[in-house]
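Since the structure comes first, as structure tokens, the remarks are kept for the end.
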Amino acid sequence: MKSTCIRLIFITLMGSLFCAVSFTWTPMPVVDDPLVRMPGTQPEQGVTLEDPGRCLNCHSGYDPIAEPGSNWKGSMMAQSARDFLFWACLTVAAQDSIWAIGRPNATDICERCHFPMGWLEGRSDPTNASNMTRADFDGVQCDFCHASYDPFFEDTSQGIREGSEWLTYWDETNASGTPSQPAADNAYTEDQLQSLNVIHFNGTDFYGPDNRPLYPAYSENAGGQYYVSTTADKRASFADADARHQMIYSRYHKSRYFCSTCHDVSNPALANLDYEGTPPNDGTTLLHTENHAAHSYYHVERTFSEFMLSDFGLDGGALGTGFFDPSTFDTSYADNAIAKCQDCHMKDTVGQGCDKQGVPIRPTESIEHPMSGVPTHDLTGGNAWVSYVLASTVSGSANYNALNNQLLHQGSGILTLDLSAGEGIDSSALLNGVTRAQQQLLHAASIQDAEFDPLTKILSFRLVNHTAHKLISGFPEGRRMFLNVKAYQNGELTYEINPYDTAAGTLKGLEYPYTSTDLPTPVPLTANEEHREEFIYEMHPTSTLTNESKTFHFALATGRYKDNRIPPKGFRIGEAATRLCEPVWEGTPVPDYFTADEYAGGYDAIDITLPEVPDDIQIQLYYQTTSREYIAFLRDEINGTGSLTLTDPPPSGETTSYVIQTDPFFGQLKAWGTTVWQLWVHNKDVPGSSPFLMTESSVSVPPTPTPETTATYTPTVLPTSTPTSTPTNTPTSTPTSTPTSTPTSTPTSTPTSTPTSTPTNTPTDIPTTLPSSTPTPAQTATPTVTATPACIHDGDSNRDGDVTAEDAQIAFQIGLGVYVPTYEEECAADCNGDGSVTAGDAQGIFYTGLGLGSCADAI
């Protein structure tokens with residue numbers, strides 16, 4: 001039914017009065033909305049999940065390293081519904097949805113992964129999360145994961161989907177009293193029964209008689225398309241487990257595909273836009289989301305796709321690098337290969353899965369699964385900042401902060417968020433989670449092969465990705481990784497790439513309309529500072545709906561403007577376009593952004609030309625969970641002030657774009673704009689909000705030798721008669737590089753004889769630079785030296801016991817024929833010992849003096 005709400009609201013938070021606004025958007029029950037319909041179990045289809053407390057009774061409190069409970073409580077999975085960034089983003093996404101399609105239901109796709117219990121039990125409608133309660137706030141909790149079943153059970157059971165190496169890959173011996181194969185057969189039967197509940201939006205069966213989805217193009221259940229059992233059985237990865245509750249052995253919980261459920265996110269509202277007016281159960285209409293894998297439309301996140309395109313996503317996986325090298329990192333596979341997400345994010349450890357007697361210590365006491373330890377339920381990514389701030393709201397926490405506590409405990413009537421609901425916050429577990437997240441970041445990358453060439457002024461190195469997905473990955477809004485390069489001369493900073501303004505809390509040189517009064521505007525770049533966009537690794541969406549080339553409106557994103565994140569090892573770029581995760585620069589896909597070697601090795605090879613030759617270079621790689629720019633965007637969009645980006649009139653026909661502060665739908669969300677900004681300002685120096693140092697390297701440049709001021713040799717000028725022509729090996733142009741150690745004074749010694757005439761081929765100014773290549777003489781102007789066993793080719797042309805730039809200068813003059821050396825000088829000047837003195841010898845001597853080479857390197 002059409003509803004019009006007219007309301008005059010005093011916005012105490014904003015300190016201003018809004019006029020009455022008329023709203024005409026039409027509510028639509030989520031279950032009837034084709035735009036947000038995706039395959040899988042639907043709300044109120046009979047799924048009832050248990051509170052986590054029931055599980056923690058046996059799975060917590062006995063071993064903080066191996067037990068599932070304490071590790072889960074310290075993870076962002078357990079905090080997915082308490083994440084304050086999520087709440088602010090949800091609020092903006094609801095407004096965007098009203099602006100674009102005339103109803104806020106697009107936020108249903110957020111709630112299904114952040115509130116799976118509440119979503120399955122029908123509390124996601126209305127989509128402002130106002131009906132969420134109790135254990136709904138425990139986020140991605142125990143029973144949700146352990147009630148999920150494999151929607152592609154047919155292909156998995158036949159060994160088609162992930163291989164049939166039951167002993168090696170699946171770690172099933174079938175040699176115990178509880179063999180895996182009969183247990184897997186039982187799971188197959190149960191999965192088949194559950195699949196009968198899955199239907200299309202049009203009311204027809206989703207599965208065909210072969211137990212596979214009717215439409216083959218639907219090949220992955222990503223983007224929040226989960227399949228959850230209506231029974232009370234707990235599904236997990238051990239056939240030899242024993243417990244008081246009912247259990248089903250599940251290969252799915254060992255599978256990499258399990259994680260794709262929520263970690264390959266697309267926007268179904270835009271994908272199904274052509275079916276906006278379709279009613280449910282019409283018997284004919286097939287939605288786009290029901291006939292396509294989520295990775296094929298409207299990119300939001302592609303972590304799982306990035307993994308699948310890497311060597312690690314191949315059957316059998318691949319060997320890790322860095323911290324994950326097989327010599328130090330253990331997995332359950334041959335040679336310690338990495339083959340699934342769980343290998344790094346739920347690493348096997350030695351211990352028991354619960355606190356009951358008789359439970360096997362895995363893997364040593366398991367006959368059925370001798371390679372599989374207890375999966376560590378830490379589920380750690382790189383987000384340390386949100387966990388830190390949440391922990392700080394608990395009185396008595398090691399990092400307690402009164403303002404954070406006040407901001408996040410405003411109550412459900414103001415923020416909807418209730419931090420005390422469900423299990424609440426375990427600050428110790430969260431701070432342990434902070435440490436683990438920081439460790440993950442330290443393990444994720446390394447800087448290798450850093451070197452600097454003082455002649456070309458090129459700094460080169462490799463930035464290596466040690467993860468199995470892009471670096472960085474996950475939710476893109478404001479998340480970034482950036483290189484900072486500093487060059488020093490005599491301890492003074494002379495040049496810097498991507499400097500960070502700590503007071504302003506952001507990178508210098510970004511293009512953003514800063515409007516804040518409680519933080520300074522970033523100071524401009526100085527003459528010796530440079531902003532380099534290619535060294536900021538991130539994903540920026542683009543939107544044809546808002547006409548923004550770069551947008552923060554992820555719910556309205558129609559493509560990508562920038563994606564230069566570093567690929568994982570073995571990234572198959574030829575397949576990346578089908579999953580919408582090839583590199584993008586300024587809105588255009590650029591599959592050759594990285595070379596074949598870079599894709600194969602999982603790194604970015606970097607060359608940077610510095611303006612001067614420094615004596616010390618520092619290279620640092622930083623990570624930020626989010627940015628000042630994104631938080632400012634959330635604040636402005638929610639408050640309806642500042643730098644607004646939606647346009648009037650909205651495509652949906654609404655009277656105004658900015659409705660949050662005056663629409664009753666947002667009554668318990670409208671405070672998030674100011675709240676999230678205050679949280680960020682107050683915590684901007686906490687690692688993760690401030691740049692977190694992931695890895696670093698340095699290069700020390702050898703000092704330039706001090707030039708000689710007094711020569712110790714006596715030059716003899718040649719020739720004694722005037723040649724009739726000028727040698728063709730005389731340089732005709734000035735070389736492009738100048739040795740920094742060129743002598744600054746003329747030798748004070750007097751020639752032993754004075755020529756009777758001035759040769760016409762004697763330069764009036766002796767060249768002070770070396771040619772870049774060896775001249776080819778056209779006549780015998782260059783003296784030829786016949787090497788003898790007694791001849792020493794050491795580069796010390798003037799025989800003063802030291803190889804300097806002056807020696808190179810003497811060799812250069814010998815090669816030009818403007819100086820006749822003694823035999824010893826000539827032998828020493830023939831740096832490479834090829835029988836003649838050329839500019840190549842001079843160059844080799846010059847390198848020898850700098851410590852960058854030897855006479856053997858002469859050209």
Side-chain angles (χ1 to χ4, degrees), residues 76 83 85 89 259 262-265 299-310 312 321-324 341 344-345 379-387 436-447 462-484 498 500 506-507 510 532-541 550 552 554 557 560-569 571 576 579-585 593-594 598-599 602-604 606 620-630 687-696:
M76 281 305 299
D83 179 353
L85 284 178
C89 183
C259 301
C262 287
H263 292 282
D264 228 32
V265 184
H299 177 295
V300 178
E301 299 177 32
R302 284 293 181 276
T303 302
F304 181 71
S305 283
E306 294 158 13
F307 171 84
M308 288 298 287
L309 291 172
S310 76
F312 305 100
T321 60
F323 172 81
F324 304 99
C341 317
C344 297
H345 296 283
L379 307 154
T380 301
N383 189 342
W385 181 59
V386 170
S387 299
R436 293 195 300 268
Q438 292 175 342
Q439 288 172 342
Q440 284 283 71
L441 292 172
L442 294 173
H443 298 158
S446 65
I447 297 169
R462 288 184 177 185
L463 183 51
V464 184
N465 176 6
H466 296 304
T467 75
H469 44 67
K470 284 186 181 180
L471 189 66
I472 53 178
S473 191
F475 187 67
E477 301 292 3
R479 187 175 297 186
R480 64 191 178 200
M481 182 178 74
F482 66 91
L483 273 172
N484 174 259
N498 291 338
Y500 190 84
T506 193
L507 286 163
L510 292 174
R532 296 285 292 270
E533 189 71 17
E534 69 271 30
F535 300 142
I536 302 174
Y537 299 92
E538 60 191 345
M539 196 283 276
H540 278 314
K550 291 184 288 186
F552 280 132
F554 89 93
R560 289 171 296 149
Y561 178 81
K562 176 188 177 184
D563 188 350
N564 66 330
R565 296 171 296 169
I566 303 173
K569 172 183 171 182
F571 192 77
R579 289 180 173 268
L580 303 181
C581 59
E582 72 276 37
V584 174
W585 191 261
Y593 187 89
F594 298 98
E598 288 171 319
Y599 284 123
Y603 63 86
D604 187 12
I606 296 171
Q620 297 178 313
L621 181 69
Y622 289 98
Y623 170 86
Q624 283 185 283
T625 302
T626 192
S627 64
R628 170 181 173 171
E629 291 73 26
Y630 183 53
S689 177
S690 68
F692 179 82
L693 180 61
M694 299 173 66
T695 187
E696 62 183 335

For this session: Would you check if the side chain of Lys569 reaches a backbone N or O of Thr321 as a donor-acceptor pair within less than 3.5 Å?
Result: no

Exercise. Minimum heavy-atom separation for Pro568 to Ala468, with atom names?
Worked result: CB-C, 3.7 Å

For this session: Tell me, with the steps shown, if Glu629 and Lys550 meet salt bridge (charged side-chain N to carboxylate O under 4.0 Å, His left out).
Result: CA-CA 12 Å; Glu629 291 73 26; Lys550 291 184 288 186; over 6 Å; no

Exercise. When rounded to the nearest 0.5 angstrom, what distance separates CD1 in Ile536 from CG in Asn498?
Worked result: 4.5 Å

Exercise. Pick from Leu441, Leu621, Thr625: which one makes a side chain to side chain contact (heavy atoms under 4.5 Å, CB included) with Phe692?
Worked result: Leu441

Problem set entry | Stepwise side-chain contact (heavy atoms from CB on, under 4.5 Å) test for Phe571 and Cys581 | CA-CA 11 Å; Phe571 192 77; Cys581 59; 4.2 Å; yes

For this session: Can you measure from OG (Ser689) to CZ (Arg628) and round to the nearest 0.5 angstrom?
Result: 11.5 Å

Exercise. If you look at every heavy atom in Phe312 and Thr467, which pair is closest and at what distance?
Worked result: CE1-O, 4.0 Å

Seminar exercise, completed: Shortest non-hydrogen pair, Leu442 vs Met694, comes out as CD2-O, 3.5 Å

Exercise. Within the distance-only criterion (no hydrogens, no angle test), does the side chain of Asn465 pair as donor or acceptor with the backbone N or O of Gly602 below 3.5 angstrom?
Worked result: no

Exercise. Taking C-beta and beyond as the side chain, do Ser387 and Met76 meet within less than 4.5 Å on heavy atoms?
Worked result: yes

Problem set entry | Flag, side chain of Ser310 to backbone of Phe307, donor-acceptor distance under 3.5 Å | yes

Exercise. Between the side chains of Gln624 and Tyr500, is a donor N or O closer than 3.5 angstrom to an acceptor N or O?
Worked result: yes

Exercise. Does any donor atom in the side chain of Ser305 or Arg579 lie under 3.5 Å from an acceptor atom in the other side chain?
Worked result: yes

Seminar exercise, completed: By side-chain contact (heavy atoms from CB on, under 4.5 Å), His345 pairs with (sequence neighbours left out) Gln440, His469

Exercise. Side-chain contact, heavy-atom cut-off 4.5 Å: Gln439 with Thr380?
Worked result: no

For this session: Working to the nearest 0.5 Å, report the span between CG of Leu510 and CZ of Arg480.
Result: 5.5 Å

Exercise. If you measure from CD on Gln620 to CD1 on Ile447, what distance do you get to the nearest 0.5 Å?
Worked result: 8.0 Å

Problem set entry | side-chain contact (heavy atoms from CB on, under 4.5 Å) involving Pro476 - partner list, sequence neighbours excluded | Glu301, Met539

Exercise. Taking only residues two or more places apart in sequence, or in another chain, which ones meet Phe475 in a ring-ring contact (aromatic ring centres under 6.0 Å, His included)?
Worked result: Phe554

Exercise. In Å, rounded to the nearest 0.5 Å, how long is the span from CG of Leu85 to CG of Asn383?
Worked result: 7.0 Å

For this session: Of all the heavy-atom pairs spanning Ser473 and Arg565, show the shortest one and how long it is.
Result: CA-NH1, 3.8 Å

Exercise. Is there a donor-acceptor pair closer than 3.5 Å between any side-chain N or O of Arg560 and the backbone N or O of Leu580?
Worked result: yes

Problem set entry | Worked check of ring-ring contact (aromatic ring centres under 6.0 Å, His included) between Tyr599 and Phe594 | CA-CA 6 Å; Tyr599 284 123; Phe594 298 98; 5.7 Å; yes

For this session: Considering non-hydrogen atoms only, spot the tightest contact between His466 and Ser446 and give its length.
Result: NE2-OG, 2.8 Å

Seminar exercise, completed: CD (Glu534) and CG (Asn564) are apart, to the nearest 0.5 Å, by 8.5 Å

Exercise. Is the closest side-chain heavy-atom distance between Leu483 and Ile606 below 4.5 Å?
Worked result: yes

Problem set entry | Glu538 backbone acceptor or donor facing Arg479 side chain under 3.5 Å | no

For this session: Please check if the side chain of Lys562 supplies one atom and the backbone of Glu533 the other of a donor-acceptor pair under 3.5 Å.
Result: yes

Problem set entry | Test item: side-chain donor near acceptor, Tyr537 and Asp604, under 3.5 Å | yes

For this session: Might you point out which heavy atoms bring Ala445 and Leu471 nearest each other, and give the distance in Å?
Result: CB-CD2, 3.5 Å

